[in-house]
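Structure record follows, encoded as structure tokens.
What you see is a predicted model, and the numbers here were worked out from it, not measured in a lab.
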Amino acid sequence: MEALKKNPAWKGRRGPVVLVIMDGVGYGKYKEGDAVAGSKMDNLNLLTSIAPHTKLKAHGTAVGLPSDEDMGNSEVGHNAMGCGRVFNQGAALVSKSIEKNAMFQGSAWKEIIENVVRGQTNRGVSEGNSQVKRESVLHFIGLFSDGNVHSHMDHLKAMIAQAKKDSVKCVRIHILFDGRDVGETSALEYVDPFESFLKELNNNNFDAKIASGGGRMWITMDRYGADWSMVDRGWQTHVLGTARQFSSAREAVETYRKEIPGIIDQDLKEFVIAEAGKPIGTIEDGDSVVYFNFRGDRALEMTAAFEDDNFDKFDRKRRPKVCYAGMMEYDGDLHVPSRYLVSPPSIDKTMGEYLAASGVRTLAISETQKFGHVTYFFNGNRTGKFDEKLEDYIEIKSDVIPFEQKPLMKCKEITDKVIEAIGSGKYDFIRLNFPNGDMVGHTGVYKAVIESMEGMDVHLGRLKTAADQAGAVMLITADHGNSDDMFEHEKKTGAVSLKEDGTPKAKTSHSLNPVPCIVYDPEHKGEYPNEPKDNCLNEGLGISSIAATSMQLLGFIPPADYDKSVLKM
């Protein structure tokens, strides 16, 4: 990697460039439910009033997703910001692979199918009895929705249909209810049509059923080692079949909603489907397992439970010998999982690599929930550093409690460390992520989001003061919207959707809204227009422009193939 060329017209600054990523903070389309606009954001508003600013696209094709109907997310958002260009991302890659039949011609798919077919010799399904002989079964585990952030129902359906064509006789599906990237209580809107889909496929030679499940924030889909007990519960549910028994997924959902008033899908408790008192879908020796999430952060831990020989995060009790595959390679450096159905985007020439080659001293910091985003995802899905001597990473441990109970999360601790780093003179470039807008936004608790926004704003003010004192530059943006759109709205009228009690229906998913880009340069020396007025910055860009902008503020000329900077230089 060649070093970046210095810009001879750049006059330098005393302090570092500080990239502030306000996770899940956008410009809302509707007044009702916009917790960002509805919060007392004195410091954010001050920065907007005194510094040049614009709106950036952070969803759909601007971040490599299939269409502009697709919400952005933290993974693709940090990829775009850190890589300076747009790459086709997980959803688009998987859909294209299925459309062209490439997935089903690949070695990984053939291996998991051959393993099952080889192990189902003389399998038979007795008429009137769905219990099959204990021979090889094909299992699917993953997020059960069409949110297109971690997974998509269409991918799951395509694989089940193909499995039938490939002579698989028994399929069991372990579903994780969403309620974050789709409606918070929409589970049955997916369960009922899916059961009908399976019914049409099933016959005397093919038996596909939902076997277990639970909410994504209660079982299985932990990330960054924040709460391994979630994965433990998932293992006991999907693999061992030790959870509470029900006759159907619908019965499980309806029962938990009745027993726990107000519970939303992401928090639904674990369950297994049983017949004659026995779980119908435990995972046994000789089976094949596909984790069908294409996004890696919430797939790595369950993958480790299946693949790691020296696993010590919880007692697995029994580790079945299975043929395991992920939808994609979840960690390109560690090559995890060992078998995957679709290759991830090949991302090269990231900003981090360029900065390291150019001798830039860098700090990346967030709390556990977003630490991987300012490191792994920002670096193009790469584990580790480009230069150990030039780069420092700091992870502030997240609290393992519901986010609405402590909406400020670790804003103070992150800011304390960043202020210390700014004052130390040790770093040229600092990037940080405040997770509040995303993680608290996903809870659907409007008051908690207001508290999280106002708390974060206090610490934006602290960072501004530190920037003023050190002569630093603050580049403030977000990876996608979320807290800016907290209520469901009617598509035709834009009116707030109401529950039976007349209160607004909470929206827990990301938004399609643009996000801020503010350039606060207190010791500006005239290299670019720097006034808080229209057309002062380049317009109509996406968050991939953050990389070139950062490089320019560091005094470099961005690579020719990077997306254009917001600065008019």
Side-chain angles (χ1 to χ4, degrees), residues 70-71 73 90-91 94-95 98 138-161 163 171-201 208-223 230-231 233-235 237-239 241 243-244 246-257 263-273 279-281 283 289-299 301-303 326-328 341 442 508-510:
D70 295 315
M71 298 172 290
N73 61 67
V94 174
S95 295
I98 291 174
L138 174 57
H139 300 265
F140 293 97
I141 304 173
L143 187 62
F144 193 66
S145 83
D146 56 3
N148 222 28
V149 174
H150 292 266
S151 68
H152 199 291
M153 292 282 295
D154 289 350
H155 301 159
L156 173 62
K157 290 179 178 179
M159 289 188 292
I160 295 171
V171 171
R172 293 293 181 258
I173 306 102
H174 307 268
I175 62 178
L176 302 169
F177 293 124
D178 193 341
R180 287 165 74 86
D181 302 323
V182 296
E184 63 177 2
T185 55
S186 59
L188 297 181
E189 297 173 21
Y190 295 97
V191 168
D192 292 343
F194 187 72
E195 294 280 25
S196 297
F197 165 77
L198 296 181
K199 186 176 181 180
E200 291 180 5
L201 285 179
K209 289 185 174 68
I210 295 173
S212 74
R216 60 179 282 183
M217 295 303 289
W218 179 246
I219 64 170
T220 308
M221 280 180 59
D222 181 46
R223 67 177 175 195
M230 289 172 58
V231 190
R233 286 191 290 270
W235 184 267
T237 301
H238 311 316
V239 178
R244 183 176 175 181
F246 294 90
S247 63
S248 69
R250 168 173 272 277
E251 181 190 30
V253 172
E254 291 179 334
T255 300
Y256 283 134
R257 286 181 178 171
I263 194 170
I264 59 178
D265 293 346
Q266 63 182 358
D267 300 320
L268 285 168
K269 305 306 178 186
E270 67 271 38
F271 66 88
V272 297
I273 307 304
I280 66 169
I283 300 176
V289 178
V290 174
Y291 199 114
F292 64 87
N293 285 14
F294 48 73
R295 177 168 158 174
D297 55 347
R298 294 191 183 274
E301 292 175 34
M302 182 56 79
T303 296
M327 179 63 87
M328 301 189 74
L341 303 179
H442 277 311
T508 54
S509 63
H510 297 168

* To do: For the residue pair F144 and F177, categorise the inter-ring angle as parallel (less than 30°), tilted (30 to 60°) or perpendicular (more than 60°).
  => perpendicular

Looking at every non-hydrogen atom in both residues, tell me the closest pair between [X] and [Y] and how far apart they are.
{"X": "I173", "Y": "L198", "answer": "CD1-CD1, 4.1 Å"}
{"X": "S248", "Y": "I273", "answer": "C-CD1, 3.3 Å"}
{"X": "I160", "Y": "A208", "answer": "CG2-CB, 4.5 Å"}
{"X": "M302", "Y": "G234", "answer": "CE-C, 3.9 Å"}
{"X": "I98", "Y": "A158", "answer": "CG2-CB, 3.8 Å"}
{"X": "A163", "Y": "V171", "answer": "CB-CG2, 4.4 Å"}

Just verifying a value: how many Å separate [X] [atom1] and [Y] [atom2], rounded to the nearest 0.5 Å?
{"X": "L176", "Y": "I141", "atom1": "CG", "atom2": "CD1", "value": "8.0 Å"}
{"X": "T237", "Y": "R244", "atom1": "OG1", "atom2": "CZ", "value": "13.0 Å"}
{"X": "R233", "Y": "I219", "atom1": "CZ", "atom2": "CD1", "value": "8.5 Å"}
{"X": "F292", "Y": "M327", "atom1": "CZ", "atom2": "CE", "value": "8.0 Å"}
{"X": "L188", "Y": "E195", "atom1": "CG", "atom2": "CD", "value": "10.5 Å"}

* Backbone N/O of G179 and side chain of T508: donor-acceptor pair under 3.5 Å ->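 Looks like yes, one N/O pair under 3.5 Å.
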
* Asked: Any donor-acceptor pair under 3.5 Å linking the side chain of S151 with the backbone of L143?
  ->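 Side chain of S151 to backbone of L143, a donor-acceptor pair under 3.5 Å: yes, one is there.
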
So, do [X] and [Y] sit near enough that their side-chain heavy atoms are less than 4.5 Å apart?
{"X": "R172", "Y": "I280", "result": "yes"}
{"X": "D146", "Y": "Y190", "result": "yes"}
{"X": "M71", "Y": "S509", "result": "yes"}
{"X": "E301", "Y": "M221", "result": "no"}

* side chain to side chain contact (heavy atoms under 4.5 Å, CB included) between R223 and R295, worked out -> CA-CA 11 Å; R223 67 177 175 195; R295 177 168 158 174; 3.2 Å; yes

Would you check if there is a donor-acceptor pair between the side chains of [Y] and [X] at a distance under 3.5 Å?
{"X": "Q266", "Y": "W218", "answer": "no"}
{"X": "S247", "Y": "E251", "answer": "yes"}
{"X": "S95", "Y": "H155", "answer": "yes"}

* **Ring-face cation of K157 near F194 (centre distance under 6.0 Å, axis angle within 45°)** =>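 Pair K157/F194 does not count as cation-pi.
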
Salt-bridged, [X] to [Y], with N to O below 4.0 Å?
{"X": "D181", "Y": "R216", "value": "yes"}
{"X": "D265", "Y": "R257", "value": "yes"}
{"X": "E254", "Y": "R250", "value": "yes"}

* To do: Give the intermediate values and the outcome of side chain to side chain contact (heavy atoms under 4.5 Å, CB included) for residues I283 and H174.
  => CA-CA 10 Å; I283 300 176; H174 307 268; 4.2 Å; yes

* To do: Start with the C-alpha distance between D297 and H150, add both sets of side-chain angles, then the distance that settles side chain to side chain contact (heavy atoms under 4.5 Å, CB included), and finish with yes or no.
  => CA-CA 9 Å; D297 55 347; H150 292 266; 3.6 Å; yes

* Walk me through it: do T220 and H238 pass the test side-chain hydrogen bond (donor to acceptor under 3.5 Å, both in side chains)? => CA-CA 9 Å; T220 308; H238 311 316; 2.8 Å; yes

* Asked: Could you walk me through whether F140 and L156 pass the side chain to side chain contact (heavy atoms under 4.5 Å, CB included) check?
  -> CA-CA 8 Å; F140 293 97; L156 173 62; 3.7 Å; yes

